> 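One structure, pasted below without further comment.
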Amino acid sequence: MNTLVIGSQWGDEGKGKVIDFLTETADFVVRSQGGSNAGHTVIANGKKYVLHLVPSGILWQGKVNVIGNGVVINPTSLVEEMQYLRDLGVSITPDNLLISDRAHVVLPIHKEIDAAQEEALGDQKIGTTKQGIGPTYADKARRIGIRMADFVDPVRLRQVLEARIKTANEELVRLGWPAADPRVTLDAVMAAADVLRPHICNTIPVLNKGISAGKTVLFEGAQGAMLDIDFGTYPFVTSSNTSAGGCCTGSGVPPTRIDKIIGVCKAYTTRVGAGPFATEDSEIADYLHGLGREFGATTGRPRRCGWADGVVLRYSSMFNGFNEMSMTNLDGLDEMSTIKICTAYRLGDEVLEYPPALIEDWEQCEPIYEELPGWQQDITQCTTWEQLPANCQAYVKRFGEIIGCPVGSVGVGPDREQTIQVPH
Ligand code: GDP
Ligand code: IMO
Ligand code: MG
């Protein structure tokens, strides 16, 4: 079974936890898009790990973790993350962490351009993670990017870096920012290249030959479907295809070899950064923040919070082809007396089942809610479906009906074990 795990909302759905749970039966764990903008939390063996670029399978022994061609890699961030994991006792070798030679490289200069572009947007800013993601994917599309293959020969690397730093500095100056010191970039990237070099290879045959030999692959989606550059709340999106198709283009594993697609959603909705969010609700945000929940794993920013949005989830289930939904953070609704779920949007005289294309229209959409009674009890100790209160079961079932995709499991707490299978 080669399985994709994809965020179905605006990221931070709890993909790290779901992937960790599924890793037991996988041989390879693959990241295929995004970069260090991702922050995936896994709580395992009593320890908390936050992963940005390294696939979560690194926390298991005997798994091969692949950073695929579609990922953009900040070499210094990756080296730091490898050190952070080693300090927590995780073993990382060229055998259990492979880096695609086709993956593009995020330079310090891309982060500077990201910050400069955001500042130039003023109150229209996207609220990026300032990890240089957009500018690096822009370089890739402009066919001027640096790839991990360029890291293999240090002499060649120095040449391509010097050339790119020069043109990037011209770009920064045009944005009204000071030019970056070329030495800083050169020294940082050359040093990181020495650490990463043994991990770089052509990961495409490794994965495909592995599958032919009966090995199984688990894809660790990053971000979420509504941040997809094609299907999301454009331009308030990230710069990659975060949806199912991105797993294939970002890894070289073709669609014919994918067996199952799991969407991950929260029982409610969160979003970091700017952009439309029809079901945003300050009461649920205050409640969750008061519990110390919903602060960004990468930036620490408080996440915007709201009710579950059936329009978003129906749409993302459709274009991702989810076989089932893994719902997390159901326990986040424990104290609510009434729970709302948006079934459609009202835009002027129209009722919409799917989101509109124009951001101005999306911002005008009024959610149409269905209200369900809450369960008002602690479910974090429940271990089976039967133990969940009746109102809780009813919410999960109704949720699946509204979005047109069955809920296959629910999360009742952040630990690996706090996952309950939902009977069909
Ligand atoms: P990701 O980016 O999709 O991997 O998600 P994040 O790690 O950024 O955010 C998800 C947050 O929810 C993390 O703090 C997780 O530990 C937490 N989490 C995941 N599933 C559950 C759950 O079922 N219940 C609770 N209480 N927390 C959860
Ligand atoms: P995980 O994998 C939540 C958001 C940013 C911003 C937009 C563009 O942890 O779910 P970018 O830096 O990518 O150019 O920012 O995308 N964003 C995320 N939001 N979770 C993430 O990753 C995100 N990665 C990017 O907040 O709105
Ligand atoms: Mg996250």
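Whatever order the structure lists them in is the order used to number ligands and atoms, beginning at 1. Since this is a predicted model, take the numbers as computed values, not measurements. All residue numbers in this chain count up from 1 along the given sequence.
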> Around atom 20 (N) of ligand 1, find the nearest protein heavy atom and jot down its residue, atom name and distance.
Lys17 CD, 3.3 Å
> Considering only protein heavy atoms, which is closest to atom 4 (O) of ligand 1, and at what distance to one decimal place?
Gly16 N, 2.8 Å
> Counting only nitrogen or oxygen atoms and a 3.5 angstrom limit, does Thr129 reach ligand 2?
yes
> Which of the atoms of ligand 2 are close to Trp10, meaning less than 4.0 Å from one of its heavy atoms?
3 (C), 19 (N)
> Atom 24 (N) of ligand 1: which protein heavy atom is closest, and how many Å away?
Asp331 OD1, 2.8 Å
> Quick one: which of Met327, Gln418, Arg303, Arg293 has a heavy atom closest to atom 11 (C) of ligand 1?
Arg303
> Applying the side chain to side chain contact (heavy atoms under 4.5 Å, CB included) test to Thr129, which of Val272, Asn37, Thr238 qualifies?
Asn37
> Under 4.0 angstrom from ligand 2, any heavy atom of Arg301?
yes
> Number the atoms of ligand 1 from 1 as they appear, then name those within less than 4.0 Å of a heavy atom of Gly411, with their elements.
23 (O)
> Distance to 0.1 Å, residue and atom name: give those for the protein heavy atom nearest to atom 10 (C) of ligand 1.
Asp12 O, 3.6 Å
> Determine which of the N, O or S atoms in Asp12 is closest to the Mg ion (ligand 3) and give its atom name.
OD1
> What pair of heavy atoms forms the shortest contact from Tyr315 to Phe231, and how long is it?
CE2-O, 3.6 Å
> If you measure from each heavy atom of Gly39 to ligand 2, is any distance below 4.0 Å?
yes
> So which bit of Val412 gets within less than 4.0 Å of ligand 1, heavy atoms only: side chain, backbone, both or neither?
backbone
> Considering only protein heavy atoms, which is closest to atom 19 (C) of ligand 1, and at what distance to one decimal place?
Asn329 ND2, 3.7 Å
> Any N/O of Glu13 closer than 3.5 Å to an N/O of ligand 2?
no
> Short list, please: which atoms of ligand 1 are under 4.0 Å from a heavy atom of His40?
1 (P), 2 (O), 4 (O), 7 (O)
> Does only the side chain of Thr41 get under 4.0 Å from ligand 1, or the backbone, or both, or neither? Count heavy atoms.
both
